[in-house]
Amino acid sequence: PFLLKTLAFALSLLLISCASVEPVSHKPVTGSQNITTRDTTFVIKNIPLASSLSVLTVSAEDTILAEVESDPLEEIIVADSNRDGREELYLVTRSAGSGSYATVLVFSWCNAKYQQIARLSGAEPSSGKYMGHDSIWFEDNTLKWLIPVYLENDPYTYPSGGTFMI
């Protein structure tokens with residue numbers, strides 16, 4: 001009976017966790033921050049213009065690598081995802097709207113200097129649609145991007161199509 005109750009409880013938790021995506025509170029990173037990697041120090045300045053818009057400036061060794069208007073900066077991640085011995089810089093921005101869509105700016109060592117090599121946004125799953133509320137993290141130096149799949153008539157906070165992993 002104890003084992004059966006434990007299994008039933010675990011299964012109910014799994015079903016609850018797969019059934020809905022609760023809104024996550026995302027606090028923007030503001031001001032100026034120095035991020036030191038093995039090779040360089042990045043200076044990241046995030047100046048909010050409004051609740052949904054910032055000016056993001058990234059520099060390394062007194063050279064501006066990017067200066068863009070963007071969604072608010074949510075997270076700064078340093079990881080050696082391509083395993084070349086040099087760490088990449090990942091800046092996660094998130095829209096302030098109802099979908100809280102994420103974007104990742106990637107800076108990597110390329111042609112003897114650091115430069116922006118990618119701007120990644122959520123992808124449309126093969127079935128259903130992308131409406132934000134995605135989660136981004138690193139696991140074993142690999143970028144993981146979990147996207148809830150919304151089916152027709154799903155509200156923003158309750159996708160019924162499962163999840164899609166990039």
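Fair warning: this is a prediction, and the values are worked out from it, not measured in the lab.
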Non-hydrogen atoms of [X] and [Y] that approach each other most closely:
| X | Y | answer |
| --- | --- | --- |
| S54 | P48 | OG-CA, 3.7 Å |
| R38 | E87 | N-OE1, 2.9 Å |
| S100 | R94 | O-NH1, 2.7 Å |
| A102 | W145 | O-CZ2, 3.6 Å |
| C110 | Q115 | O-NE2, 3.0 Å |
| P148 | G132 | CD-O, 3.6 Å |

So, do Y158 and Y150 have ring centers that fall under 6.0 Å from each other? no

Heavy-atom side-chain proximity of [X] to [Y] below 4.5 angstrom:
| X | Y | result |
| --- | --- | --- |
| S70 | L56 | yes |
| L143 | I136 | yes |
| I44 | L89 | yes |
| I76 | Q33 | yes |
| L49 | E69 | yes |
| I147 | T163 | no |
| D80 | R86 | no |

Return yes if a side-chain donor-acceptor contact under 3.5 Å exists between S160 and D154, otherwise no. yes

Under 3.5 Å, is there a donor-acceptor pair between the T36 and T41 side chains? yes

So, taking the atom named [atom1] in [X] and the one named [atom2] in [Y], what distance separates them when rounded to the nearest 0.5 Å?
| X | Y | atom1 | atom2 | answer |
| --- | --- | --- | --- | --- |
| T103 | E74 | OG1 | CD | 10.5 Å |
| W137 | K144 | CH2 | NZ | 7.5 Å |
| L65 | S59 | CG | OG | 6.5 Å |

Please check: side-chain N/O of E88 versus main-chain N/O of V78, any donor-acceptor pairing under 3.5 Å? no

Could you tell me whether the side chain of T93 and the main chain of L73 form a donor-acceptor pair under 3.5 Å? no

By the definition side chain to side chain contact (heavy atoms under 4.5 Å, CB included), identify the one residue from V58, V106, N46, V104 that meets it with L91. V58

Is there a path of hydrophobic side-chain contacts, each under 4.5 Å between heavy atoms of I, L, V, M, F, W or Y residues, that connects [X] with [Y]?
| X | Y | value |
| --- | --- | --- |
| Y90 | I117 | yes |
| I35 | V68 | yes |
| L120 | F138 | yes |
| L105 | I64 | no |
| I166 | M131 | yes |

More than 12 non-hydrogen atoms from neighbouring residues, nucleotides or ligands closer than 6.0 Å to NZ on K113, yes or no? no

D84 atom CG: more than 12 heavy-atom contacts under 6.0 Å: yes

R83: what forms a salt bridge (Lys or Arg N to Asp or Glu O under 4.0 Å) with it, not counting sequence neighbours? none

In terms of the angle between their ring planes, are W109 and Y114 parallel, tilted or perpendicular, with boundaries placed at 30° and 60°? perpendicular

